[in-house]
**Q** 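Structure provided below as structure tokens; questions to follow.
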There are 2 protein chains.
Amino acid sequence: MAQTEPGLPERLSAKIIQLILDEGLGQGDRLPNEAVLVERLGAGRSSVREAMKLLQSRNIVRIKQGSGTYVASNPGVADDPLGFTFIEDKRRLASDLLEVRFMIEPEMARMAAKHATDAQVTRIVELCDESERLAEAGADYADADTAFHNAIAESCGNLVMPRLMAVLKSSVPLFIDVTGKKLVAETIRTHRGVADAIAAHDGTAAHDAMFLHLVYNRNVINHETAQA
Amino acid sequence: MAQTEPGLPERLSAKIIQLILDEGLGQGDRLPNEAVLVERLGAGRSSVREAMKLLQSRNIVRIKQGSGTYVASNPGVADDPLGFTFIEDKRRLASDLLEVRFMIEPEMARMAAKHATDAQVTRIVELCDESERLAEAGADYADADTAFHNAIAESCGNLVMPRLMAVLKSSVPLFIDVTGKKLVAETIRTHRGVADAIAAHDGTAAHDAMFLHLVYNRNVINHETAQA
């Protein structure tokens, strides 16, 4: 990527990443304190602090005031990593994102039906129940919806998928925004179909239920676009 | 995402993103100079500078010393946005990434065969020629290979796809690394098949050629893994 020569904070932050990897620090683990880092990296206190701010902006560490610095959850998965903020036509973005989800999510559901452990099945069913409860109460179910799709991604036996879904998840609030309340009943019904099929370890049924879920989304988007 | 309250630089960088959007600044456009930003954002010079560094670390702007600050290309697409640095098992990562590429790239090739303009077809064929020339000379063809796959993504009529491929492209050097030189002949042959099919606007042939390209990759990875 054509950028200027990396400055001291960039080089220090690369060293800190290496330190996290070398020490095998995982999500939520505490980094050595500032004095130790100053010593080990041979850098000044303010440079180490600036490097940590860079790492926090890239979601690699989380700085808790008065407590210390910790490895973030899903470290390195940036906020809006595909730069959707910079796509102005949100309706086209919603439609193109859905096209990508068609390629990925039915297969992902099939894989989850094959690989999900009992604990993962329980979690998926619980999140399906929670979305349903929230949606029926007329409450905002976007977070529960995202968590449901993420739980399936976590269960599918592919390391890349949860990270990819974290990228595509930005589409869920987008869809709810574009499509209004029309999808609620279909979302509940098709989520239930996906959850039941995964619980039964029936890959084909899980694939088809997820496909159907996306078809409903597409129908509503096309309908809204035609009216606009 | 559970983080500490955003600090001043984070809030300023959000304002600068809004300014880029409001003014309709595109890739390579110059931002107003520091004095103007200080005035418009009502913030100090050093805070504006720190906000710009954050934006550069997120690949939203590019700071050229002595020249000014510009909107980056593919703004907002972070380096290693899925945090692959933090997946230690690179062989499993290569295999799982390939599984994801199987879901996406054959369909992408089919779409490109449908949507590619004459200029895009010319570009795809040129990049295929270039990869071939480099590979036959025993040179590093990773960049040309990446550019070839990106050109197909740009031609497929979906706004999300080029951004998604920018994420997955990190897999190309990875594959070349994992698989050594074994793939060269098959890469050349199957690239040619994909390019020819897109040039002929034959969606099914493009899909199948890309599928075959990935099958060769998978065979080599499985073979290497079995030997390891």
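Chain letters run A, B, ... following the sequence lines, proteins first, then strands; residues in each count from 1.
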**Q** Using a 4.5 angstrom heavy-atom cutoff, name the option from L54(A), I20(A), L159(A), L21(A) with the most pairs to chain B.
**A**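 The candidate making the most pairs under 4.5 Å is L159(A).
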**Q** Do you know which of R92(B), M111(B), E107(B), E99(B) has the most heavy-atom pairs under 4.5 Å to chain A?
**A**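 Greatest number of close heavy-atom pairs with chain A: R92(B).
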**Q** Are there over 12 heavy-atom neighbours, none belonging to F102(A), within less than 6.0 Å of that residue's CZ?
**A**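 Yes, the 6.0 Å shell around CZ holds more than 12 heavy atoms from other groups.
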**Q** Give a yes or no answer on whether the side chain of D96(A) reaches the backbone of N158(B) with a donor-acceptor pair at less than 3.5 Å.
**A**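 It does not hold such a pair.
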**Q** What residue in K53(B), M103(B), M161(B) has the most heavy-atom pairs under 4.5 Å with chain A?
**A**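 Top count of heavy-atom pairs under 4.5 Å with chain A: M103(B).
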**Q** Can you establish whether the number of heavy atoms outside R123(A) located under 6.0 Å from its atom CZ is more than 12?
**A**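 No - once you tally the heavy atoms of other residues, nucleotides and ligands closer than 6.0 Å, there are 12 at most.
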**Q** Please indicate whether D29(B) has more than 12 foreign heavy atoms, meaning atoms of other residues, nucleotides or ligands, lying under 6.0 Å from its CG.
**A**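 Count over threshold, so yes.
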**Q** To the closest 0.5 Å, what do you measure between CD1 (I104(B)) and CD1 (I104(A))?
**A**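 It is 4.0 Å, given to the nearest 0.5 Å.
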